[in-house]
Amino acid sequence: MSPSRPFFDPATGELDTIQLIKEVIPLTKLIGAVVLVALVPILFRVTFGVLLGLTSEFGLYVLASQFVIAVGTGIVLLYVIVRANQMIDE
């Protein structure tokens with residue numbers, strides 16, 4: 001007997017969209033949280049640089065935003081790996 005495939009109904013072999021949606025919603029929330037945190041330095045750059053006309057080192061804001069995106073990407077990948085291992089055990 002072949003092992004069951006995740007996100008497929010074992011009886012019919014069709015895609016199980018309900019299970020797929022249940023897995024996608026928490027992942028989407030996690031990605032959204034990372035994006036919102038990464039937008040904070042960009043918002044500071046726009047506010048202080050463009051709107052207020054203050055000159056400062058804008059590279060710091062870009063570097064901070066890229067750092068948050070890099071760390072957030074790692075967190076999302078770790079979540080996916082841990083969740084995949086949990087699904088294998090189920």
Side-chain angles (χ1 to χ4, degrees):
M1 185 170 155
S2 66
S4 65
R5 300 182 302 174
F7 308 118
F8 285 92
D9 188 9
T12 62
E14 294 180 0
L15 188 64
D16 187 6
T17 55
I18 294 172
Q19 182 186 7
L20 189 62
I21 290 172
K22 287 180 182 178
E23 295 296 329
V24 166
I25 289 174
L27 184 62
T28 305
K29 288 180 182 179
L30 182 61
I31 292 171
V34 170
V35 169
L36 285 177
V37 172
L39 286 176
V40 170
I42 294 173
L43 181 64
F44 280 133
R45 177 180 182 207
V46 169
T47 302
F48 293 129
V50 176
L51 297 178
L52 298 177
L54 299 175
T55 58
S56 67
E57 191 60 39
F58 293 131
L60 179 65
Y61 296 120
V62 174
L63 182 66
S65 180
Q66 289 178 354
F67 178 76
V68 169
I69 290 172
V71 171
T73 302
I75 292 171
V76 169
L77 289 175
L78 283 173
Y79 172 81
V80 169
I81 292 169
V82 168
R83 186 63 189 128
N85 286 332
Q86 288 175 349
M87 290 177 67
I88 288 172
D89 292 339
E90 291 176 355

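Predicted model, so just to flag it, every value in this text is computed and none were measured.
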Engineer: Which distance, rounded to the nearest 0.5 Å, do you find between the CG of L30 and the CD1 of I25?
Structural biologist: 14.0 Å
Engineer: Do V76 and L39 belong to the same hydrophobic cluster, where Ile, Leu, Val, Met, Phe, Trp and Tyr are linked whenever their side-chain heavy atoms lie under 4.5 Å apart, directly or via other members?
Structural biologist: yes
Engineer: Just verifying a value: how many Å separate D16 CG and F8 CZ, rounded to the nearest 0.5 Å?
Structural biologist: 10.0 Å
Engineer: Quick one: CD1 on I21 to OG1 on T28, what's the gap to the nearest 0.5 Å?
Structural biologist: 10.5 Å
Engineer: If you take all heavy atoms of L27 and Y79, which pair is closest and at what distance?
Structural biologist: CD1-CD2, 3.7 Å
Engineer: I'd like to know if M87 and L20 are part of one continuous hydrophobic network [Ile/Leu/Val/Met/Phe/Trp/Tyr, side-chain heavy atoms within less than 4.5 Å].
Structural biologist: yes
Engineer: Applying side chain to side chain donor-acceptor pair (under 3.5 Å), name anything that partners Q86, two or more places apart in sequence or on another chain.
Structural biologist: R83
Engineer: Group every Ile, Leu, Val, Met, Phe, Trp and Tyr by side-chain heavy-atom contacts under 4.5 Å, then state whether V62 and I69 land in the same group.
Structural biologist: no
Engineer: Should side-chain heavy atoms under 4.5 Å link Ile, Leu, Val, Met, Phe, Trp and Tyr, which residues sit in the same cluster as V68?
Structural biologist: V37
Engineer: Does one hydrophobic cluster hold both V35 and F67, with members joined at side-chain heavy-atom distances below 4.5 Å?
Structural biologist: yes
Engineer: Determine whether more than 12 heavy atoms belonging to other residues, nucleotides or ligands lie under 6.0 Å from atom CD1 of I18.
Structural biologist: no
Engineer: Kindly compute the distance separating CD1 (I31) from OG1 (T73), expressed to the nearest 0.5 Å.
Structural biologist: 9.0 Å
Engineer: How close do I42 and S65 get, heavy atom to heavy atom, and via which atoms?
Structural biologist: CD1-OG, 3.5 Å
